[in-house]
Amino acid sequence: MMLSFNEKVYRAAKKIPRGKVATYQWIARKINNPGSVRAVGNALHKNPYAPHVPCHRVVCSDGRLGGFAGGAGKKEKLLRREGVSIKNKRIDLLKFGLG
DNA sequence: CATATGACACTAT
DNA sequence: AATAGTGCCATAT
């Protein structure tokens, strides 16, 4: 079956385990479309599978949270709730093997 | 088909 | 370090 770009994004995001985060870039690479980071963000913004897909676990490549459809503040809260420590509006990507 | 938009990333200043 | 400007790609209109 033909998966649209967005669906690929949701699939990749779905793999992100609880308590962990991934970058938009990470997703873009995972779906074999590096450079489509923007489109990835777009897909997650639309994200019709809201809670089903942990879109809140996707952050910027520089460690900042990025955006969130329900409000940036909400995103931070959700992440902290899952055990992700956020310092000065930033996340240690190194801690997750990214950066 | 062309233009505009966006939850990014990178480089230059 | 912080702030602009540029590039990039998939959708929506």
Side-chain angles (χ1 to χ4, degrees):
Chain A
M1 95 168 249
M2 174 57 184
L3 293 173
S4 69
F5 180 84
N6 287 24
E7 294 179 80
K8 291 191 207 164
V9 173
Y10 303 140
R11 252 205 205 198
K14 223 165 23 177
K15 299 191 221 156
I16 308 174
R18 183 181 174 285
K20 187 177 170 183
V21 299
T23 67
Y24 295 93
Q25 205 176 45
W26 184 88
I27 299 239
R29 286 185 180 171
K30 211 64 185 165
I31 65 181
N32 208 47
N33 281 85
S36 64
V37 287
R38 257 192 189 254
V40 171
N42 256 338
L44 290 171
H45 181 214
K46 295 177 180 176
N47 179 19
Y49 308 91
H52 179 75
V53 173
C55 45
H56 59 272
R57 292 180 198 153
V58 187
V59 300
C60 287
S61 170
D62 57 357
R64 276 183 285 202
L65 296 181
F68 192 60
K74 197 83 181 181
K75 187 169 182 177
E76 179 180 332
K77 207 165 184 178
L78 278 163
L79 286 173
R80 281 195 171 170
R81 190 178 163 184
E82 301 208 343
V84 179
S85 52
I86 300 170
K87 307 218 163 199
N88 196 9
K89 303 299 182 203
R90 290 224 179 152
I91 296 178
D92 285 20
L93 296 180
L94 303 166
K95 191 183 172 197
F96 300 96
L98 301 172

> Is the base of B/dC8 touched by the side chain of A/R38 through a donor-acceptor pair closer than 3.5 angstrom?
Replying inline: yes
> Is there side-chain contact between A/D92 and A/F96, with at least one heavy-atom pair below 4.5 Å?
Replying inline: no
>> Expressed as a whole number of angstroms, how long is the span from A/L98:CG to B/dA9:P?
In response: 11 Å
>> I need the CD1-P distance between A/I91 and B/dC8, as an integer number of Å.
In response: 14 Å
>> By nearest heavy atom, map A/V59 and A/A39 onto DNA chain B; which one lands nearer the 5' end?
In response: A/A39
>> I need the CZ-P distance between A/R29 and B/dC8, as an integer number of Å.
In response: 17 Å
> Less than 4.5 Å apart, any side-chain heavy atom of A/V58 and any of A/T23?
Replying inline: no
>> In this structure, how many angstroms lie between the C1' atom of C/dT13 and the CG atom of A/N42, rounded?
In response: 14 Å
> Quick one, which residues of residues 20-27 of chain A touch DNA chain B with a heavy atom under 4.0 Å?
Replying inline: A/Y24, A/Q25
Sequence neighbours left out, cut at 3.5 Å: what donor-acceptor pairs do the side chains of residues 64-74 of chain A make with other protein atoms?
residue, atom, partner, partner atom, Å
A/R64, NE, A/D62, OD2, 2.9
A/R64, NH2, A/D62, OD2, 2.8

> Between A/R64 (CZ) and B/dA7 (C1'), how many Å, whole number?
Replying inline: 13 Å
> Do the non-hydrogen side-chain atoms of A/V21 and A/I16 ever get within less than 4.5 Å of each other?
Replying inline: no
> How long is the line joining CG of A/N88 and C1' of C/dA2, in whole Å?
Replying inline: 13 Å
> Between A/K46 and A/R90, who's closer to the 5' end of DNA chain C by nearest nucleotide?
Replying inline: A/R90
>> A side-chain contact here means heavy atoms from C-beta on lying under 4.5 Å apart; do A/Y24 and A/R29 qualify?
In response: no
> Which nucleotide in the list C/dC9, C/dT11, B/dA9 gets nearest to the side chain of A/S4?
Replying inline: C/dT11
>> Among B/dA7, C/dA10, B/dC10, which nucleotide has an atom closest to any side-chain atom of A/F68?
In response: B/dA7
> For the pair made of CG in A/D62 and C1' in B/dC10, what is the distance, rounded to whole Å?
Replying inline: 11 Å
>> Just the rounded figure in Å: distance from P of B/dC8 to CG of A/N6.
In response: 15 Å
> Between B/dA7, C/dT11, C/dC9, which nucleotide gets closest to the side-chain atoms of A/L44?
Replying inline: B/dA7
> Does A/K20 pair with A/E82 as a salt bridge, N-O distance under 4.0 Å?
Replying inline: no
> Do A/E76 and A/R80 meet the salt-bridge criterion of a basic N to acidic O distance under 4.0 Å?
Replying inline: yes
> Considering only side-chain heavy atoms of A/H45, which listed nucleotide, C/dA12, C/dA10, B/dG6, is closest?
Replying inline: B/dG6
